[in-house]
Amino acid sequence: KAIEREMSFEVLRSELEGRDYVVVDDFSNSSPGELPKGWRWRKRDEKKDKPYEVQVQGNHHVLAARDTGKSVILLKSSHWDPHEFPIMTWCWRADTLPPGGDERFGHTNDSAAGLYIIFSQNWLGLPRQIKYVWSTTLPEGTMERRKKWARPYFFVEESGYEHRGEWRFEMVDLIENYQRAYNGRPKNRTLGIGVLTDANSTDSSAEASYADIRVWPRRALQEKRIVDHCQCLNAAKNGQSKDAGTVSGSDTSGPLRTVR
């Protein structure tokens, strides 16, 4: 079914393994110290250093980012039906927040962590996309769009320094957020995702990590089968290796994938 609809291999793998969620990327197939497999960057960033690398934390692979002004977006082609899998979850951790970062304005448009969902593009090649951010200054729940042509709508999922250095679990409703942003419904096949940790506008530095990006059917949320699967990363970070590979409670979604 996934092949017929031209969906990504991750969707096919989910079908073959009988899972009702899709692992968009957990970086387990990428080697530590290198850029993640299957990710690329924009042509204008070709000659820039890429401030990202896969690292191992406990038994898990994560994508670490540290920017001092390069502002390079990493992109991955990923095709799933957002109507079939409208709920997205991921883990991220912000270690250094760009001082004064405020995504509403060009001169302060920096985020410790940002995750893009690229739904489609128009005939000019301009994407319809949403960006989820860990903002330095804007409060959680903020939805805005920078007043410049073709800029993405962004949603603030984490804010400030209270949880700096902690792995945080995020869960969003892609369909609901798309409707809020664009007053319509997305197409039946996404184009991809992107990550951006940047500090160029504030001329500072930013540092964050990303892990285990998944999409789920709505029934998984309704049946309360989606739980915080980031706690194993916090346990690994704190050296509690005994339980680092599992999640407490009845997590039928399973733990983060271990290093192979």
Side-chain angles (χ1 to χ4, degrees), residues 25-28 30-37 39-42 45 47-76 89-116 131-140 142 152 154-170 193-213 228-239 244 256 259:
D25 208 331
D26 62 5
F27 309 107
S28 60
S30 299
S31 300
E34 298 182 1
L35 289 167
K37 288 183 179 180
W39 293 69
R40 56 185 176 81
W41 45 86
R42 299 169 296 182
D45 295 331
K47 295 182 179 180
K48 294 181 182 178
D49 292 335
K50 313 303 182 294
Y52 301 89
E53 69 172 22
V54 175
Q55 295 182 354
V56 175
Q57 184 170 313
N59 292 324
H60 313 293
H61 281 186
V62 305
L63 178 63
R66 185 176 185 180
D67 186 58
T68 56
K70 305 296 184 184
S71 189
V72 175
I73 300 176
L74 282 190
L75 299 164
K76 178 180 180 177
T89 63
W90 70 93
C91 307
W92 61 6
R93 185 187 76 211
D95 294 303
T96 303
L97 281 70
D102 183 334
E103 292 80 3
R104 296 174 299 174
F105 310 108
H107 66 285
T108 56
N109 181 34
D110 289 331
S111 308
L115 175 64
Y116 292 82
K131 182 183 181 184
Y132 297 101
V133 302
W134 187 317
S135 179
T136 303
T137 62
L138 296 180
E140 290 180 33
T142 299
F154 66 84
F155 291 75
V156 178
E157 298 301 313
E158 295 285 344
S159 176
Y161 295 85
E162 181 181 359
H163 297 292
R164 180 176 61 172
E166 298 177 22
W167 281 100
R168 301 289 290 171
F169 174 74
E170 309 298 341
I193 63 172
V195 296
L196 174 63
T197 290
D198 67 332
N200 61 315
S201 296
T202 55
D203 193 24
S204 62
S205 61
E207 188 172 359
S209 298
Y210 306 81
D212 202 33
I213 304 166
D228 181 351
H229 51 79
C230 304
Q231 289 307 310
C232 52
L233 284 164
N234 281 318
K237 181 174 181 287
N238 295 327
L256 288 169
V259 176

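Just so you know, residue 1 is the first one in the sequence shown, and it goes up from there.
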Has the side chain of [X] got a donor or acceptor atom that lies under 3.5 Å from a matching backbone atom of [Y]?
{"X": "T197", "Y": "E207", "answer": "no"}
{"X": "T108", "Y": "D102", "answer": "yes"}
{"X": "S111", "Y": "W134", "answer": "no"}
{"X": "D67", "Y": "A206", "answer": "no"}
{"X": "W90", "Y": "R168", "answer": "no"}
{"X": "H61", "Y": "S30", "answer": "yes"}
{"X": "S71", "Y": "D198", "answer": "no"}
{"X": "D110", "Y": "T202", "answer": "yes"}

Over 60° means perpendicular and under 30° means parallel, so classify the ring planes of F169 and H229, tilted if in between.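 Because their plane-to-plane angle is over 60°, the rings of H229 and F169 count as perpendicular.
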
Less than 4.5 Å apart, any side-chain heavy atom of [X] and any of [Y]?
{"X": "L74", "Y": "P36", "answer": "yes"}
{"X": "S205", "Y": "T68", "answer": "yes"}
{"X": "R40", "Y": "L75", "answer": "yes"}
{"X": "Y210", "Y": "D25", "answer": "no"}
{"X": "F154", "Y": "R104", "answer": "yes"}
{"X": "P139", "Y": "V156", "answer": "no"}
{"X": "F155", "Y": "V133", "answer": "no"}

Give, for atom [atom1] of [X] and atom [atom2] of [Y], the distance between the pair rounded to the nearest 0.5 Å.
{"X": "E140", "Y": "S135", "atom1": "CD", "atom2": "OG", "result": "10.0 Å"}
{"X": "N59", "Y": "L233", "atom1": "CG", "atom2": "CG", "result": "10.5 Å"}
{"X": "I193", "Y": "I213", "atom1": "CD1", "atom2": "CD1", "result": "4.0 Å"}
{"X": "H60", "Y": "C91", "atom1": "NE2", "atom2": "SG", "result": "9.5 Å"}
{"X": "Q57", "Y": "N234", "atom1": "CD", "atom2": "CG", "result": "8.0 Å"}

Answer with yes or no after comparing the ring centroid distance for Y52 and W39 against a 6.0 Å cut-off, counting only values under it.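 Ring centroids of Y52 and W39 are no less than 6.0 Å from each other.
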
Quick check: are there more than 12 heavy atoms from other residues, nucleotides or ligands sitting under 6.0 Å from NZ of K37?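 12 or below, so no.
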
For W167, give me all partners under ring pair (Phe, Tyr, Trp, His ring centres under 6.0 Å), at least two apart in sequence or on another chain.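 So W167 forms no ring pair (Phe, Tyr, Trp, His ring centres under 6.0 Å) with any residue.
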
Sole residue of E157, E158, E170 in side-chain hydrogen bond (donor to acceptor under 3.5 Å, both in side chains) with W92: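 Of all the options given, the one that passes is E170.
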
D45 and K48 ion-paired at < 4.0 Å: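 Answer for the salt bridge query: yes.
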
Taking all non-hydrogen atoms of both residues, which atom of G106 and which atom of S201 are closest, and how far apart?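 Scanning both residues completely, I find the closest heavy atoms to be O-OG, 3.1 Å.
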
Grab the two heavy atoms, one from G58 and one from V56, that are nearest each other, plus how far apart they are.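 That closest heavy-atom pairing would be O-CG1, 3.4 Å.
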
side-chain contact (heavy atoms from CB on, under 4.5 Å) for T142 and E103? Distances and angles first, verdict last. CA-CA 10 Å; T142 299; E103 292 80 3; over 6 Å; no

